[in-house]
Chemist: 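Before anything else, here's the structure in question.
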Amino acid sequence: QLPLVESGGELVQPGGSLRLSCAASRFTFENFNIGWFRQSPGTAREGVSCISNTGSRTNYADSVKGRFTTSRDNAKRTVYLQMNNLKPEDTANYYCAASRDSDCRFPLERSWGQGTQVTVSS
């Protein structure tokens, strides 16, 4: 079982919404900041959002600010990414990863899940 497991990705029309989930196992989830990242073929991995261990602070990439919201429920050991007003440019494989730094700049390599595919197309 992977430390983090992403789910919720689907094919969705532009303007639609999805909620991605990142479920944790085998580590002290509440001690870590959790970042969402995305990558499409031929592109570098892009940071999407970051949420602090308590959920009190969040950061977002400019490209998703105002459209995406990340939250967490530590009791359920799950982090969410609510994605609204989706655009074709949001199409990517979405991953979550744990970080000790508050900006999720240095995700722990062993924490990555397999990702979940989000495709935004009409």
Chemist: Quick one: do Tyr80 and Val5 end up in the same hydrophobic cluster if we chain Ile, Leu, Val, Met, Phe, Trp and Tyr together by side-chain heavy atoms under 4.5 Å apart?
Modeler: no
Chemist: Please identify each residue that fulfils salt bridge (charged side-chain N to carboxylate O under 4.0 Å, His left out) with Glu30, with sequence neighbours left out.
Modeler: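 Partners of Glu30 under the salt bridge (charged side-chain N to carboxylate O under 4.0 Å, His left out) test: none.
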Chemist: Give a yes or no on whether the backbone of Ala92 and the side-chain of Ser40 come within a donor-acceptor separation of less than 3.5 Å.
Modeler: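 Looks like no, no N/O pair under 3.5 Å.
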Chemist: Do Met83 and Leu20 make a side-chain contact, defined as non-hydrogen atoms from C-beta onward lying under 4.5 Å apart?
Modeler: yes
Chemist: Nearest heavy-atom pair of Trp112 and Pro107: which atoms, and what distance?
Modeler: CZ2-CG, 3.5 Å
Chemist: Side chains of Asn33 and Ile51, heavy atoms from C-beta outward: is any pair under 4.5 Å?
Modeler: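 No. Closest side-chain heavy atoms not under 4.5 Å.
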Chemist: Same hydrophobic cluster for Val118 and Val64, using side-chain heavy-atom links shorter than 4.5 Å among ILVMFWY?
Modeler: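 In one cluster: yes.
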Chemist: Could Lys87 and Asp90 be called an ion pair, given the rule that one side-chain N must be under 4.0 Å from one carboxylate O?
Modeler: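 No.
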Chemist: The criterion is salt bridge (charged side-chain N to carboxylate O under 4.0 Å, His left out); which residues satisfy it with Arg72, sequence neighbours excluded?
Modeler: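 None.
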Chemist: Using side chain to side chain donor-acceptor pair (under 3.5 Å), reason through Thr54 and Ser56 one step at a time and then give a plain yes or no.
Modeler: CA-CA 5 Å; Thr54 64; Ser56 62; 3.0 Å; yes
Chemist: Check whether any side-chain heavy atom of Leu18 sits under 4.5 Å from a side-chain heavy atom of Glu10, and report yes or no.
Modeler: yes
Chemist: Is there a path of hydrophobic side-chain contacts, each under 4.5 Å between heavy atoms of I, L, V, M, F, W or Y residues, that connects Phe106 with Phe32?
Modeler: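 In one cluster: no.
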Chemist: Is the backbone N or O of Ser49 less than 3.5 Å from a side-chain atom of Asn59, with the two atoms forming a donor-acceptor pair by type?
Modeler: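 Checking the backbone N and O of Ser49 against the side chain of Asn59, no donor-acceptor pair under 3.5 Å is found.
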Chemist: Any side-chain heavy atom of Ser102 sitting closer than 4.5 Å to one from Arg57?
Modeler: yes
Chemist: I need the minimum non-hydrogen distance between Ala61 and Gly47, along with the two atoms involved.
Modeler: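 Looking at all heavy atoms of both residues, the shortest contact is CB-O, 3.4 Å.
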Chemist: Keeping Asn74 on the side-chain end and Asn53 on the backbone end, is there a donor-acceptor pair under 3.5 Å?
Modeler: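 Here the side-chain-to-backbone pair exists.
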Chemist: Using the rule given for side chain to side chain donor-acceptor pair (under 3.5 Å), can you reason through Arg38 versus Tyr94, listing the C-alpha separation, both sets of side-chain angles and the distance that settles it, and then say yes or no?
Modeler: CA-CA 4 Å; Arg38 65 187 182 186; Tyr94 283 71; 2.9 Å; yes
Chemist: Is any side-chain heavy atom of Phe37 closer than 4.5 Å to a side-chain heavy atom of Glu46?
Modeler: no
Chemist: For the residue pair Ser17 and Asn84, confirm or rule out a side-chain donor-acceptor distance under 3.5 Å.
Modeler: yes
Chemist: Please tell me whether Phe68 and Trp36 form a close aromatic pair, meaning their ring centres lie under 6.0 Å apart.
Modeler: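 No - the distance between ring centres of Phe68 and Trp36 does not fall below the 6.0 Å cut-off.
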Chemist: Can you establish whether the number of heavy atoms outside Arg105 located under 6.0 Å from its atom CZ is more than 12?
Modeler: no
Chemist: Would you please test Asn85 and Arg67 for side-chain contact (heavy atoms from CB on, under 4.5 Å) and show each step?
Modeler: CA-CA 6 Å; Asn85 192 24; Arg67 299 188 297 119; 3.9 Å; yes
Chemist: Rounded to the nearest 0.5 Å, how far apart are CG of Leu81 and CZ of Arg19?
Modeler: 10.5 Å
Chemist: What is the distance from atom OG of Ser25 to atom CZ of Arg77, rounded to the nearest 0.5 Å?
Modeler: 7.0 Å
Chemist: Are the side chains of Thr91 and Gln117 in touch, meaning some heavy atoms are under 4.5 Å apart?
Modeler: yes
Chemist: Look at the side chain of Thr58 and the backbone N and O of Thr70, then say whether any donor-acceptor pair between them is shorter than 3.5 Å.
Modeler: no
Chemist: Restricting to non-hydrogen atoms, name the atom on Asp73 and the atom on Phe29 that form the minimum distance, rounded to 0.1 Å.
Modeler: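 Residues Asp73 and Phe29, closest heavy atoms: O-CE2, 4.4 Å.
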Chemist: Please answer whether the main-chain N or O of Lys76 pairs with a side-chain N or O of Thr78 as donor and acceptor at a distance below 3.5 Å.
Modeler: yes
Chemist: Flag yes if Leu86 and Leu11 sit in one hydrophobic cluster, no otherwise; membership is Ile, Leu, Val, Met, Phe, Trp, Tyr, and two members link when side-chain heavy atoms are under 4.5 Å apart.
Modeler: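 Not linked; separate clusters.
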Chemist: What pairs of residues pass the disulfide (SG to SG under 2.5 Å) test when at least one of them lies in residues 89-122, not counting sequence neighbours?
Modeler: Cys22-Cys96, Cys50-Cys104
Chemist: Does Thr69 reach the side chain of Tyr60, with side-chain heavy atoms less than 4.5 Å apart?
Modeler: yes
